Amino acid sequence: MSADAAVERYNFAERMCHWSAAATYLYCMFSGLALYSPYLFWMAAVMGGAPQARYWHPWSGLGFVIVALWMHRMWSRAMKLTATDRKWMKEIKAYATNEDEKLPPVGRFNAGQKQFYWVMYYGAGLLLLTGIVMWFPEAIPFRWRLVRSIAVVIHECAALATIGGLIVHVYMGLFVVPGSLHAIVRGTVSRNWAMTHHRNWYRRLAGEPVSEE
Amino acid sequence: MSNGPLQIKAVSGQAGTPPGQGASRDYDVCKLIDVTTCIGCKACEVACVEWNGYPFRETVFDNTYQTMPDLAWNYYNLIRFNEHTTPEGEFQWLFRKDGCLHCADPGCLRACPAEGAIVQYSNGIVDFQQEYCIGCQYCVTGCPFNIPKFNPETKKVHKCTLCSDRVGAGLEPACIKACPTGCLHFGSKDDMLDLAEKRAAQLREHTSHKNAGVYNPAGVGGTHVMYVLHDIENPEAYGGLPKDPRIPLLVKIWKGPLKWLGNLAMTAGIVGVAVHYLRFGPKKTEGGEDK
Ligand code: HEM
Ligand code: SF4
Ligand code: SF4
Ligand code: SF4
């Protein structure tokens, strides 16, 4: 195999799933942030106007949760955190300073990607539970009104946690790891890319012995 | 009484200072409801739907004097009927005119994210502007009195306007006009407080209602609709009037520290990754990038 032969990293279903998650999440994020702060209310205009943003936000959120379950079916096993991941997390500073040679070899996903995945997965669950309360606040009897305000605060904290993860995720994908955007859009990476960033994953694909997992 | 067009004191969802804030020479207006002289005739309910142009609703018979179960988006004003026995064994029929209290510190307005959907006029009236309402119902979560009601068809929320359209033109609210016993009063907040205190004192001195008092709860900064109650110690007996209403603490946290902490964190995150890129830049692929 030549050095720049394309290796398939994400098949079509995986790419569809990723971008459906991105679209539904981003609609939720921008329409939610519009309501979150008066300084961000202008975002509602881009989302179809504030009443439309309010109307579609929960539906888009529901879509996001369904897509997250679909993604979970495909990726939950690959996202399990392992002993190597814990070693990798200890050396995360080396990853942040681009001294990747100090890190143990990585499988299909590195520990950072896995943690982002779980933040989004559990975040989606929390956002759904609390979002339903916010969708129909009058369905909660006035006696139990505490539930309404608890839901809003948890919804907002969960949203902020996922947004924090997303900032890093988008930054890594667009700027830090050249080739990863191409991977999630067109599905392929080069052999060098695979060997550098996900060596164990590539070795297993190529039928080579895998050092440690 | 309002003198001239209504001026704005606070606006929902405003990023800066509301226009004209603090420029007012308006009097605070106030509606006083003397529960002790209300006979439950419901003339005010009729006047209210009539003035606001809503159809009359079906009444529901529940074996009491209650004709309608609750306030509704097109029913701002409801007489709540309660049978009550005092600790001294006195049996009472309590009629309380329920509706928005026009809080000085309105939880609905604090919670509302849509610019201009709720305004507080400098005379104290809290008014919903349906054309800017986005139907999120945050006001429902913010109100300590269970007042704003959602119209699922138009996705807008409504409540008593204190007849701002009449008051702005120098008229009294429609309910005040209709009351046959004179238990409803309307005037400046100072005058109404004075009247209410005199009436409560009269009740304490000349009747058996030794706990009579004025309901003007401090937890929401006082209200622009006040009650005289036979027993100020037990407002819950009047169909669930809260004893010490406050804007829910979590709503204050949500609309206070959580906003600026979150905004700070998001800004820090974006600045952080930008600085990281300047310092460390992209990762290199061993053996070279090969496109
Ligand atoms: C999972 C299903 C979800 C449901 C059912 C849901 C429901 C809701 C509802 C009903 C509201 C009230 C206002 C509105 O509709 O815009 C809201 C607010 C909000 N949502 Fe969601 N949502 C979901 C997912 C998400 C996601 C994925 C995000 C991503 C960031 C998000 C972020 C927000 C934010 C920031 C707010 C504004 C909170 C505030 O006003 O302070 N939501 N959500
Ligand atoms: S009673 Fe409720 S709806 Fe009326 S001003 Fe107070 S918080 Fe707003
Ligand atoms: S539903 Fe209530 S909180 Fe939401 S925009 Fe309308 S008035 Fe404001
Ligand atoms: S002030 Fe006007 S809107 Fe409010 S209850 Fe009276 S008649 Fe109805």
Side-chain angles (χ1 to χ4, degrees), chain A residues 2-5 33-41 44 49-55 57 95-98 100-101 134-138 140 142-143 145-146 148-153 156-157 159-160 163-164 166-168 170-172 175-179 182 189-193 195-197, chain B residues 12-16 111 113-115 117 132-146 148-150 152 155-156 240 247-255 258-263 265-266 268-270 272-274 276-277 279-291:
Chain A
S2 78
D4 55 357
L33 284 179
L35 304 210
Y36 166 71
S37 165
Y39 294 97
L40 303 176
F41 196 60
Q52 291 300 316
R54 165 59 180 86
Y55 180 79
H57 174 101
Y95 188 73
T97 55
N98 292 350
D100 292 24
E101 58 283 357
M134 294 168 76
W135 204 347
F136 308 104
E138 282 183 335
I140 309 285
F142 188 65
R143 292 197 290 299
R145 58 193 174 280
L146 192 59
R148 298 175 184 165
S149 44
I150 290 175
V152 182
V153 169
E156 195 163 295
C157 292
L160 286 170
I163 290 170
L166 188 81
I167 291 173
V168 178
V170 171
Y171 168 61
M172 299 293 300
F175 296 107
V176 181
V177 187
H182 186 266
V189 294
S190 68
R191 183 182 166 279
N192 281 346
W193 189 98
M195 277 300 277
T196 308
H197 301 296
Chain B
S12 62
Q14 262 268 335
E115 183 166 5
Y132 301 117
C133 171
I134 65 170
C136 65
Q137 301 169 69
Y138 285 1
C139 49
V140 172
T141 300
C143 172
F145 298 100
N146 197 14
K149 293 282 175 268
F150 183 60
K155 310 245 182 291
K156 306 284 180 192
I247 299 172
L249 179 65
L250 285 170
V251 170
K252 287 190 179 165
I253 292 175
W254 160 37
K255 289 290 161 175
L258 256 182
K259 298 279 118 146
W260 61 263
L261 279 177
N263 283 334
M266 285 189 287
I270 291 167
V273 296
H276 180 270
Y277 194 73
R279 173 66 184 80
F280 296 106
K283 290 186 184 299
K284 290 201 179 51
T285 296
E286 285 161 34
E289 202 35 65
D290 31 32
K291 257 176 277 158

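Not measured: the values here are computed from a predicted model. Below, all heavy atoms of this structure are taken into account, side chains as well, without hydrogens, waters or symmetry copies. Below, chain A is the first sequence line, B the second, and so on; all start at residue 1.
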Checklist outcome for this item: Between the CZ atom in A:Phe136 and the CZ atom in B:Phe150, the distance rounded to the nearest 0.5 Å is 9.0 Å

Item to check | Contact leader toward chain A among B:Gly269, B:Cys136, B:Pro248, where contacts are heavy-atom pairs under 4.5 Å | outcome: B:Cys136

Item to check | B:His276, B:Lys283, B:Arg279 screened by side chain to side chain donor-acceptor pair (under 3.5 Å) with A:Asn98, the one that passes | outcome: B:Lys283

Checklist entry - Taking C-beta and beyond as the side chain, do A:Pro51 and B:Ile134 meet within less than 4.5 Å on heavy atoms? => result yes

Item to check | Atom OH of A:Tyr39 with >12 non-hydrogen neighbours under 6.0 angstrom | outcome: no

Item to check | chain A contact via B:Cys139 - side chain, backbone, both or neither, heavy atoms under 4.5 Å | outcome: neither

Checklist entry - Contact part of A:Tyr171 toward chain B, heavy-atom cut-off under 4.5 Å: side chain, backbone, both or neither? => result side chain

Checklist entry - Of all heavy-atom pairs between B:Gln137 and A:Trp135, which one has the smallest distance, and what is that distance? => result NE2-O, 3.9 Å

Next on the checklist: Out of A:Leu40, A:Leu33, A:Leu146, A:Thr97, return the one with the most heavy atom pairs under 4.5 angstrom to chain B.
Outcome noted: A:Thr97

Checklist entry - Which atoms of A:Tyr95 come close to chain B, meaning under 4.5 Å heavy atom to heavy atom: side chain ones, backbone ones, both, or neither? => result both

Checklist outcome for this item: One option among A:Ser37, A:Ala53, A:Ala96, A:Cys157 has the most heavy-atom pairs under 4.5 Å with chain B, and it is A:Ala96

Checklist outcome for this item: If one checks every heavy atom of A:His197 against chain B at 4.5 Å, the contacting part turns out to be side chain

Checklist outcome for this item: Turns out that what part of B:Tyr132 lies under 4.5 Å from chain A's heavy atoms comes down to neither

Checklist entry - Where is the tightest heavy-atom contact between B:Glu115 and B:Gln14, given as atom of each residue plus distance? => result OE2-NE2, 3.0 Å

Item to check | Residue part contacting chain A, namely of B:Pro148, when any heavy atom lies under 4.5 Å | outcome: backbone

Checklist entry - Pick from B:Gly142, B:Cys133, B:Ala114: which one has the most heavy-atom pairs with chain A under 4.5 Å? => result B:Ala114

Next on the checklist: At a heavy-atom distance under 4.5 Å, which candidate from A:Val177, A:Ile163, A:Val170, A:Asp100 has the highest pair count against chain B?
Outcome noted: A:Asp100

Checklist entry - How long is the gap from CE on B:Met266 to CD1 on A:Ile167, to the nearest 0.5 Å? => result 7.5 Å

Next on the checklist: Just so I know, are the side chains of B:Tyr138 and B:Lys255 near enough to count as touching, which here means a heavy-atom distance under 4.5 Å?
Outcome noted: yes

Next on the checklist: Between A:Glu101, A:Arg148, A:Glu138, who has the most heavy-atom pairs with chain B when the cutoff is under 4.5 Å?
Outcome noted: A:Glu138

Next on the checklist: Please classify the contact of A:Leu160 with chain B as side chain, backbone, both or neither, using a heavy-atom distance under 4.5 Å.
Outcome noted: side chain

Checklist entry - B:Gly240, B:Ala274, B:Gly262: which one forms the most heavy-atom pairs within less than 4.5 Å of chain A? => result B:Gly262

Checklist entry - Can you name the residues that form a ring pair (Phe, Tyr, Trp, His ring centres under 6.0 Å) with A:Phe41, not counting sequence neighbours? => result none

Item to check | Pairing residues for A:Glu156 by the salt bridge (Lys or Arg N to Asp or Glu O under 4.0 Å) criterion, not counting sequence neighbours | outcome: B:Lys259

Checklist entry - With chain A, which of B:Val251, B:Asn263, B:Ile270 has the greatest number of heavy-atom pairs at distances under 4.5 Å? => result B:Asn263

Checklist entry - With a 4.5 angstrom heavy-atom cut-off, which part of B:Lys149 approaches chain A: side chain, backbone, both or neither? => result both

